[in-house]
Amino acid sequence: MQKVGYSTVDEIVDDILKTCPSVLQDSARKMTADEFRVSQYFNLGMTIRKKYFYGNSKRESLVKSLGNKKEHRFLDGEVFSRIVLEALWKKITKESKKQS
């Protein structure tokens, strides 16, 4: 897997949405944020951990962009994938509300 360089969660979410199948987006709209995160833990969550966290050449900038929140103090791939999946779910569901 090649190295990527994303400095913010928004950049990562936008990159995921470029290749995210519409079926996944449709199912996300029918779920809560927690249901979506759990359903994608081993699928998209693994990609997020490998590509966007561990394989990110700008990981230090990315971590700084998250701020100094208590839950980010011991940030690892698991916590990071949860953050990205929740941001992705929010963007997908927000977009569907705009279209309605």
Side-chain angles (χ1 to χ4, degrees):
M1 191 172 287
Q2 77 183 67
K3 288 266 188 184
V4 296
Y6 295 100
S7 302
T8 67
V9 170
D10 289 336
E11 290 176 357
I12 292 169
V13 168
D14 289 341
D15 188 58
I16 292 170
L17 284 172
K18 288 178 190 174
T19 59
C20 185
S22 60
V23 172
L24 179 68
Q25 293 182 45
D26 292 340
S27 65
R29 290 182 187 101
K30 298 173 187 168
M31 298 180 191
T32 66
D34 287 339
E35 290 170 336
F36 179 69
R37 185 173 39 83
V38 169
S39 75
Q40 292 304 309
Y41 180 83
F42 289 110
N43 298 314
L44 187 53
M46 293 298 282
T47 300
I48 291 167
R49 289 189 281 283
K50 289 178 182 176
K51 180 178 179 181
Y52 297 106
F53 188 73
Y54 296 116
N56 190 348
S57 62
K58 295 184 180 179
R59 185 174 12 167
E60 188 173 323
S61 300
L62 176 63
V63 171
K64 286 181 183 176
S65 77
L66 294 173
N68 194 18
K69 295 180 182 176
K70 184 179 178 181
E71 63 267 21
H72 301 154
R73 191 169 298 152
F74 298 105
L75 188 68
D76 64 3
E78 296 276 328
V79 173
F80 181 71
S81 69
R82 182 191 49 137
I83 292 167
V84 173
L85 286 169
E86 287 176 7
L88 179 62
W89 179 85
K90 284 179 185 175
K91 185 149 188 171
I92 290 170
T93 57
K94 188 167 96 175
E95 292 297 318
S96 68
K97 288 178 184 174
K98 285 182 183 178
Q99 294 173 1
S100 297

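Owing to the predicted nature of the structure, the values given are computational and were not obtained by experimental measurement.
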Answer with yes or no whether the hydrophobic clustering places Y54 together with V79; edges join I, L, V, M, F, W, Y residues whose side-chain heavy atoms lie under 4.5 Å apart.
yes

Using the test side chain to side chain contact (heavy atoms under 4.5 Å, CB included), find all partners of N43 that sit at least two apart in sequence or belong to another chain.
Q40

Output for pair (L88 CG, I12 CD1), nearest 0.5 Å, gives 11.0 Å

Report the C-alpha separation of L62 and F80 in whole Å, then their side-chain angles, then the decisive distance to 0.1 Å, and conclude whether the side chain to side chain contact (heavy atoms under 4.5 Å, CB included) test is met.
CA-CA 10 Å; L62 176 63; F80 181 71; 3.4 Å; yes

For the residue pair N56 and G5, what are the closest heavy atoms and their distance?
OD1-CA, 3.4 Å

So do V13 and K90 actually touch side chain to side chain, heavy atoms under 4.5 Å?
no

Mark yes or no for whether E35, through its side chain, and M31, through its backbone, hold a donor-acceptor pair below 3.5 Å.
no

State, to 0.1 Å, how close S7 and S65 come at their nearest heavy-atom pair, and which atoms those are.
O-OG, 3.2 Å

What residues, two or more places apart in sequence or in another chain, satisfy salt bridge (Lys or Arg N to Asp or Glu O under 4.0 Å) together with D26?
R29

Decide yes or no for E60 and V63: does some side-chain heavy atom of the first lie under 4.5 Å from some side-chain heavy atom of the second?
no

Less than 4.0 Å between a side-chain N and a carboxylate O, is that true for K91 and D14?
yes

Do V38 and W89 sit in the same hydrophobic cluster, where Ile, Leu, Val, Met, Phe, Trp and Tyr count as joined when their side-chain heavy atoms come under 4.5 Å apart?
no

Checking E78 now: which residues fulfil side chain to side chain donor-acceptor pair (under 3.5 Å) with it, not counting sequence neighbours?
Y41

Applying salt bridge (Lys or Arg N to Asp or Glu O under 4.0 Å), can you list everything that pairs with K58, at least two apart in sequence or on another chain?
none

Looking at residues at least two apart in the chain, or sitting in another chain, which of them share a side chain to side chain contact (heavy atoms under 4.5 Å, CB included) with M46?
R49, K50

With rounding to the nearest 0.5 Å, note down the distance linking CD1 in I16 to CD1 in I48.
4.0 Å

Shortest non-hydrogen contact between T93 and A28, atoms and distance
CG2-O, 4.1 Å

Reported CZ-to-CG distance for the pair R37 and L44, which is rounded to 0.5 angstrom:
13.0 Å

Tell me every residue that passes side chain to side chain donor-acceptor pair (under 3.5 Å) with D15, counting only those two or more places apart in sequence or in another chain.
Y6, Y52

Would you say Q25's side chain and C20's backbone share a donor-acceptor pair under 3.5 angstrom?
yes

